[in-house]
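The next block holds one structure in the form of structure tokens; read it before the comments.
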Amino acid sequence: MNLYEYQGKEIFRKFQIPVPDGYVVSSPSEVKSYTSPVVVKSQVLIGGRGKSGGIKFAKDQATLGNAVKELLGSKVRGLTVSKLLIEQMLDIRKEFYLSITLNRTERKPMLIASVAGGVEIESVPETEIFRKSIDPIVGYSDFIGRQLTKFMKFDAQLAKQLRAILPKLYQVFEKYDCELVEINPLVLNGDGKLIAADSKVIIDSDSLYRHQEFPKEDPERTPLELEAQSKGYSFVELEGVIGVIANGAGLTMATLDALLLHKGKPRNFLDLGGTDSTDIVVEAFDLVLKANPKVILVNIFGGVTKCDTVAAGIVEAKKKYGIKQQLVVRLSGVRETEGREILKQNGIVAFSEMMPAVEKVVSFAGGA
Amino acid sequence: MNLYEYQGKEIFRKFQIPVPDGYVVSSPSEVKSYTSPVVVKSQVLIGGRGKSGGIKFAKDQATLGNAVKELLGSKVRGLTVSKLLIEQMLDIRKEFYLSITLNRTERKPMLIASVAGGVEIESVPETEIFRKSIDPIVGYSDFIGRQLTKFMKFDAQLAKQLRAILPKLYQVFEKYDCELVEINPLVLNGDGKLIAADSKVIIDSDSLYRHQEFPKEDPERTPLELEAQSKGYSFVELEGVIGVIANGAGLTMATLDALLLHKGKPRNFLDLGGTDSTDIVVEAFDLVLKANPKVILVNIFGGVTKCDTVAAGIVEAKKKYGIKQQLVVRLSGVRETEGREILKQNGIVAFSEMMPAVEKVVSFAGGA
Amino acid sequence: MKVIVDENSKVIVQGITGHQGMFHSGEMLKFGTKVVGGTSPGKSGQNVNGIPVFDNVSDLMHLNPDATMISVAPPFVKDAAYEALDAGIKVVYILTEHVPFHDTMEILYNARRKGAWLLGPNGPGITRPGKVKIGIMPNTIFKKGDVAVASRSGTLTYEIVNAITLDGMGESTVIGLGGDPVPGMDFIDALELFNADEDTKKIVVVGEIGGSNEERAAEYIRKNVRKKVVAYIAGRSAPPGKRMGHAGAIIERGVGTAESKIKAFEEAGVRVAEYPIDIPKMLE
Amino acid sequence: MKVIVDENSKVIVQGITGHQGMFHSGEMLKFGTKVVGGTSPGKSGQNVNGIPVFDNVSDLMHLNPDATMISVAPPFVKDAAYEALDAGIKVVYILTEHVPFHDTMEILYNARRKGAWLLGPNGPGITRPGKVKIGIMPNTIFKKGDVAVASRSGTLTYEIVNAITLDGMGESTVIGLGGDPVPGMDFIDALELFNADEDTKKIVVVGEIGGSNEERAAEYIRKNVRKKVVAYIAGRSAPPGKRMGHAGAIIERGVGTAESKIKAFEEAGVRVAEYPIDIPKMLE
């Protein structure tokens, strides 16, 4: 789960990583009297806020008031702004990049840094990027900071500041079960101090049970995706016309892949998961129908999820929702015979192989 | 370093290990109004306080005041009482033993527990003692608590409480660099709650630089030992008459052993350590002379500590303190020749072997 | 030859009285696995499918278990794994989904310290037809043979194994690595085992988009494996940045795309199937 | 045969510009040890006794060091050890005294994970006459020979080694385990090495009161060692409960007494010397 900039900075503050003085407002009445130049930052979970007009500067009370009024409720790259972070303006001398993330290949945390911050890290040449895997049992140790400050060619004063930030950043990464904790840019301010001008913190969703202080929000998801998420489904909306219900992330992906290779366009990704209950199947139909697909493909390889359960669910969903769409079903695996029998009694012929089902549903959809 | 009971309990409280309500007084004026039965406990770092009259009970204001006046300034097993812990009296139903200590053989922390608490753990039969080594990399995990509560035959209610205490006790052990953290007794109170009726916390002296909140006190040491400690010497006062200065703990021990095997009685243990400076040697003489020995043995095997440095130190100390005692010196190892030469010029003949030196000093002391 | 486990391996189930523990301990018994005991704190003395239940792993070590299947809720997985490792069990399979990956990292490196295998979390386990099954793969799809399968997916693995079996071939060992960001085993671990196993003549690698494990596996195959290897990559059609259920399927920063993985395999001489169903023919 | 290190081992010194680092790097060079580099953050480009100084261990790994001697203040020892282990160095000797034992525990188990030896803290290191010395034992007392010594003490070790040399014998390997509550190596680690080393014919074990390592060593000798072993135990005269400089010398709870150790050795057929000076004769 992505945290907002202000949430990340609250954590940084708690861990004594320097951040600019600032406060959050969700209405113009919460704006404090102007005392010194400030930056007004839209709190939306998307990059490129600056270029999209989501960040404004104010050097007097009037411009501050205007900026707040203008930004609150506006849209930044499609996302509605409901909170603003109003912060002291920095006197930026240099911008650096600093993050800790999971290196999935090495199965270890990795520290990434660059003297070239403030831009997309992807466009910085390899030679300017410091990468260092951290042994998760040992954790962060100061020698890593000494290696980094040498790479960054920091003087003693800057090196000391960075080496104070690094262990705290690693603590944040660990304590908050982060996938990513990123400071971009880490700013060298006019006063010679390093300060985190932005924050990007992504918490492993599987760990949210121990971080209940954060409301579950995810503006990158559509309302339907959020509904599905709240019901426990892996569900992604796509651009096509073929509704898809399958079981297992890999099989569901393979189903979409097969549709696309046959020039069929999936409307969604829906993984039933491994729970064996007709209700789960009925609710899955509810979600897929809300996405209003032209046709629907059900692709089940029975294991934990048994074919007869899915068949019963399909029959129940048909009855409950009066499904109008053409429905193509493929059943294979555990209790395949029983499942096919249930469907047959309700006038549905199920395929036992995946490819004919895919071909059939694509032809129904008018593709290929 | 040993902590006082009240210091240990402050830590317990901070880590949410239940302790009785209470407060510390160092003068009768600090005693609060009596509200309910209390126990008044002398804060001295020695066992057997109860049997020695260092613990009193009070069921009204008058007995409380008397107990405080009686105990403050009194001696408990030779130690002067300067602080009292006044605590709510417990309604003790059962007493258990619980501790975490370093198992030096396995080089791991060890959890020790027994249903038979309140007495010396040494006298409890082996079969009633639970011992479990804890992997220091993994740390405490709940399965250890489940094993323990099963061993203790605790009901669900008690088991839950104990499993809440254990991870915190381990945290104390780790965070405070403990050699030992012990609750004896852990009391089952009348209200059905487990509560730490006493605390014994020993912090690794080498770690005190990161625990500067505790004043360095050690009432088990004599004033001379404390002086030596503050100057960085390993120094122990003993009952005999032969002052000993040696280098290295092992060689110093071996020197004492050799003296005793020759029926000589050492006055002290003093390990010069590995620092090569005449001042260290001179100061060592100062300490040994303060112990007023009949004779003095210097036993040096030169390594880091070089023989000529020690010789120069001996000469300087003789001059400075006008040493009257018979002085037997043994020098061997690095810069032996130079050292012996320095001594010779000042009228001291040094042995090169340990045993003749030991024999000589014992004969001077009038032993053997 | 032993590939993590064999027909003599004794298995326990931590959390055997739960829904999954009950069902899958029964299925494992049917498969022929020696399930010798289970745990469920406070339920000692009961039995599940005839398997005796104990409070703690330490209470059943007289049964000499070689492996454990952990099926407890995510907050308790780390403790259960440490309990098994502390008791000296050398194969730890975690069935549970949604284990925080920071927990898995800790478990993984502590398992390695103790010379133990970690399988899962959130994977279907290991199946060796005719010998042993630990995990949740459907019993019916297997046939003893010489094809080894390593897969990051669950159901898709069954699909592929089923196709192999229906085609008349069979499997020596099937390992589900699991779809979590930090899997207990990766492809190279599995490939080393398959490469050394004399009962394995052919190998199937079932990958997914995300990460660079498939690329590293391709490199390993190029250097070390002379057995026939066929691959499949799920997620060719995934739009960049869209999540596909597995955190492992996030396409990030241009690495880990299906194209990059397919290219890596083809350069290592490994043919990549367009459809799962094509795999059996490509193995022939 | 290699016992932790040999004549080809390349050694670095972390904290080489400190008093101890400077002195002992010079002594090691004189002994013949290949001291190839040292570290001292911010002092790269300098040299100590002709040895080049670098900021970080990672900056000198092109010199292919096999071992490090760490001589930094106690609060920095853990970081220095992790720096060396991270860089892949497989022998870590910590000269520093007064390292908190909780730090040492962490270092020890992480060293083991990485297949590295930990020597010290607070011990004199390892010396192999004619081959290599890592640590602070005086150069002059050694002579190449067939007696191996493992000791919990420093100066006492020199005394005994000197006596052995003066008696006309010599040493194959001398290991100072250190006097800390958690030593990086214990007697059994050393005895295993000595037992396997063909250059070692006789073994001296120098113990102290406290702990039960000597008792366990005696048991190990009884079961595994057919070479001649002689022991000495320091602290026979220590009054119970009095601290003797080493935390290792606290007599607690009736275990770890000199009597118990002497008894254990004698029951294992190991003669125990009354005086350190008796050892050479007992070895003959």
Side-chain angles (χ1 to χ4, degrees), chain B residues 15-16 98-103 105-115 126-171 173-175 192 194, chain C residues 12-17 37-46 53-62 65 68 70-90 92 94 96 99-100 102-116 118:
Chain B
F15 282 77
Q16 293 161 306
L98 189 61
S99 74
I100 300 173
T101 188
L102 171 67
N103 178 329
T105 305
E106 294 194 10
R107 293 180 278 183
K108 284 179 182 170
M110 177 171 258
L111 173 67
I112 303 172
S114 175
V115 282
E126 270 303 299
T127 51
E128 287 180 29
I129 296 177
F130 177 89
R131 282 192 172 83
K132 175 78 190 162
S133 284
I134 297 175
D135 181 329
I137 299 284
V138 170
Y140 174 84
S141 195
D142 189 48
F143 74 88
I144 297 169
R146 284 188 276 115
Q147 289 179 5
L148 174 57
T149 54
K150 184 161 193 192
F151 178 89
M152 304 279 266
K153 299 193 175 67
F154 276 11
D155 62 24
Q157 227 281 313
L158 271 188
K160 196 182 159 191
Q161 292 182 57
L162 186 58
R163 280 165 58 196
I165 291 171
L166 288 165
K168 289 156 187 169
L169 199 69
Y170 191 77
Q171 275 174 34
F173 180 77
E174 272 206 315
K175 294 264 159 78
L194 288 178
Chain C
I12 63 164
V13 177
Q14 287 171 265
I16 196 167
T17 59
T39 64
S40 184
K43 299 196 176 161
S44 60
Q46 299 187 7
V53 179
F54 300 82
D55 290 323
N56 300 313
V57 173
S58 54
D59 300 335
L60 56 61
M61 289 309 289
H62 60 282
T68 181
I70 293 175
S71 178
V72 300
F76 308 111
V77 165
K78 197 160 80 169
D79 179 63
Y82 287 154
E83 183 179 11
L85 291 171
D86 182 76
I89 293 177
K90 296 294 181 203
V92 175
I94 299 170
T96 311
V99 177
H102 282 257
D103 288 5
T104 309
M105 272 201 298
E106 273 190 48
I107 297 168
L108 171 63
Y109 290 98
N110 280 304
R112 285 191 179 173
R113 272 177 69 207
K114 294 172 190 237
L118 179 65

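Within every chain, numbering begins at 1; the chains are lettered A, B, ... in the order of the sequence lines, protein sequences first and strands thereafter. A quick note: this is a predicted structure, and the numbers were derived from the prediction, not measured.
Using a 4.5 Å cut-off between non-hydrogen atoms, the part of residues 74-86 of chain C that approaches chain B consists of C:Asp79, C:Tyr82, C:Glu83, C:Asp86. Residues of residues 160-170 of chain B lying under 4.5 angstrom from chain C, judged on non-hydrogen atoms, do not exist here.
The part of B:Asp135 that comes within reach of chain C is its side chain, from C-beta onward, which places non-hydrogen atoms under 4.5 angstrom from that chain.
Atom-to-atom distance recorded for C:Ser58:OG and B:Lys150:NZ is 7.5 Å, nearest 0.5 angstrom.
In plain terms, the two heavy atoms of C:Asp55 and B:Arg146 that are nearest each other are O-NH1, 4.0 Å.
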